[in-house]
Amino acid sequence: MFLFSKPKMPAPTEALPGRSEPILNPKPHTVLGTPIAGPYPDGFQIAEFALGCFWGEEKTFWQQPGVWTTAVGYEGGYTPNPTYQESVTGKTGHAETVRVVFDPSKTSYEQLLKVFWENHDPTQGMRQGNDQGTEYRSAIFVHDEAQRAAAEKSKAMYQEQLSPAGYGAITTEIVGPPAPAFYFAEDYHQQYLDKVPNGYCPHHATGVTLPEGFAITPLEYIK
């Protein structure tokens, strides 16, 4: 019988040192043609989500209406400018994260939250399916108090849907504001499923949906 230790976050003093310089010279988005690292248009907003392997999840978000650009990176840990090889050791504390830059006149943060919840299993802790480790945990990195309020409300409502379906407690972290530093991943990770159309793309959705209108009060929803 083999026993495996449960993944856990490293202490800041245990984290790898990283480096002062970014590991990526960002190129334009291979599908949308927009700069993944900016500058972003005035009035556009940033949303950042961790929901397992970032290859498939980035594609899910770049296909959404109103999304201007996407990128993948490492967020929520301690090591500055980590490499992929460092992040998978579990000694950076980062989660594989998708950055989504969107036009709020064409979509909403709430709609992106709905995509987030419905495209993974947020009850699995430090894993998604066979992908195990701190880098595969579920997290929402919020940039202002409005995002935090929407994230908290969506989490509570999604739990109301998950529990009757037999799922346990949501383990998703909601971090910020401010959101922690987002470190762009290596170029080959960016838009990976455009570059490798048949690449690895696990899907761990529960099949449970978040109701439309979750961000408004029940009375408003009835109206």
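For the single chain, residues carry numbers from 1 onward in sequence order. If you're wondering where the values come from, they're calculated on a predicted model, not measured in any experiment.
Counting only heavy atoms from C-beta outward, the side chains of C201 and L193 approach each other to under 4.5 Å. For the pair L24/I36, a side-chain contact is recorded, criterion being any heavy-atom separation below 4.5 Å from C-beta on. Proximity of T97 to F182: side-chain heavy atoms (C-beta onward) are separated by under 4.5 Å at one or more points. In this structure, V142 and Y109 have side chains that are in contact, with non-hydrogen atoms separated by less than 4.5 Å. Within the 4.5 Å cutoff, the side chain of E212 has heavy atoms near those of the Q111 side chain. Residues F141 and P180 form a side-chain contact, since some pair of their non-hydrogen atoms from C-beta on lies under 4.5 Å apart. Within the 4.5 Å cutoff, side-chain heavy atoms of W55 are placed close to those of H189. For the pair D131/Y200, a side-chain contact is recorded, criterion being any heavy-atom separation below 4.5 Å from C-beta on.
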Applying side-chain contact (heavy atoms from CB on, under 4.5 Å) to E57 and N119, what does each step give before you reach the verdict?
CA-CA 8 Å; E57 304 309 341; N119 280 276; 3.9 Å; yes
K155 vs I174, test: side-chain contact (heavy atoms from CB on, under 4.5 Å). Steps then yes/no.
CA-CA 9 Å; K155 180 179 179 179; I174 299 175; 4.0 Å; yes
Evaluation steps, side-chain contact (heavy atoms from CB on, under 4.5 Å), between L162 and T206:
CA-CA 8 Å; L162 285 173; T206 63; 3.9 Å; yes
Verdict with reasoning, T34 to T69, per side chain to side chain donor-acceptor pair (under 3.5 Å)
CA-CA 6 Å; T34 48; T69 203; 2.9 Å; yes
Would L210 and M157 count as a side-chain contact (heavy atoms from CB on, under 4.5 Å) if you check the C-alpha gap in whole Å, the side-chain angles of each, and the deciding distance to 0.1 Å?
CA-CA 7 Å; L210 183 67; M157 184 165 281; 4.0 Å; yes
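Heavy-atom minimum distance, Y136 versus C53: CD2-N, 3.9 Å. Nearest heavy-atom pair, A15 versus T79, reported as atom, atom and distance to 0.1 Å: CB-OG1, 3.9 Å.
Counting only N and O atoms by type, the side chains of T70 and E58 include a donor and acceptor under 3.5 Å apart. Side-chain contact annotation: E48 with H143, donor-acceptor N/O pair under 3.5 Å present. A donor atom on one side chain and an acceptor atom on the other are not found under 3.5 Å apart for W62 and H29.
For Q147 (side chain) and I46 (main-chain N/O), a donor-acceptor pair under 3.5 Å exists by modelled atom type. Counting only distance, with no hydrogens or angles, the side chain of Q161 and the backbone of Y158 share no donor-acceptor pair below 3.5 Å. One N or O on the side chain of Q159 and one on the backbone of G168 form a donor-acceptor pair closer than 3.5 Å. With hydrogens and angles disregarded, a donor-acceptor distance shorter than 3.5 Å links the side chain of K195 to the backbone of Q190. Judged purely by atom type and a 3.5 angstrom limit, H94 has no side-chain atom pairing as donor or acceptor with the backbone of S87. Judged by distance alone, with hydrogens and angles left aside, the side-chain atoms of T83 form a donor-acceptor pair with the main-chain N or O of E86 at under 3.5 Å. Using modelled atom types, no side-chain atom of S163 and backbone atom of E160 make a donor-acceptor pair closer than 3.5 Å. Counting only distance, with no hydrogens or angles, the side chain of E135 and the backbone of E96 share no donor-acceptor pair below 3.5 Å. No donor-acceptor pair under 3.5 Å is formed between the side chain of Y40 and the backbone N or O of W68. Within the 3.5 Å criterion, the main-chain N or O of G129 finds a donor-acceptor partner in the side chain of R127.
Residue-environment remark: NZ (K91) stays at or below the threshold of 12 foreign heavy atoms within 6.0 Å.
Under the rule for a ring-ring contact (aromatic ring centres under 6.0 Å, His included), the partners of F61 that lie at least two apart in sequence or sit in another chain are F49. Evaluation of the side-chain hydrogen bond (donor to acceptor under 3.5 Å, both in side chains) rule for T123 yields D121 as partners, not counting sequence neighbours.
Using bins of under 30°, 30° to 60° and over 60° for the plane-to-plane angle, the ring pair F54/Y74 lands in the tilted bin. Ring planes of W117 and H120: parallel class, angle under 30° (limits at 30 and 60°).
Residues L51 and I170 share a hydrophobic cluster, clusters being chains of Ile/Leu/Val/Met/Phe/Trp/Tyr side chains in contact below 4.5 Å.
A salt bridge between E110 and K114 is absent, with no side-chain N of the basic residue lying under 4.0 Å from a carboxylate O of the acidic one. Remark: K27 engages D187 in a salt bridge, criterion side-chain N to carboxylate O under 4.0 Å.
Residue pairs meeting the side chain to side chain donor-acceptor pair (under 3.5 Å) criterion with at least one partner in residues 170-182, sequence neighbours excluded, are R137-E173, S138-T172.
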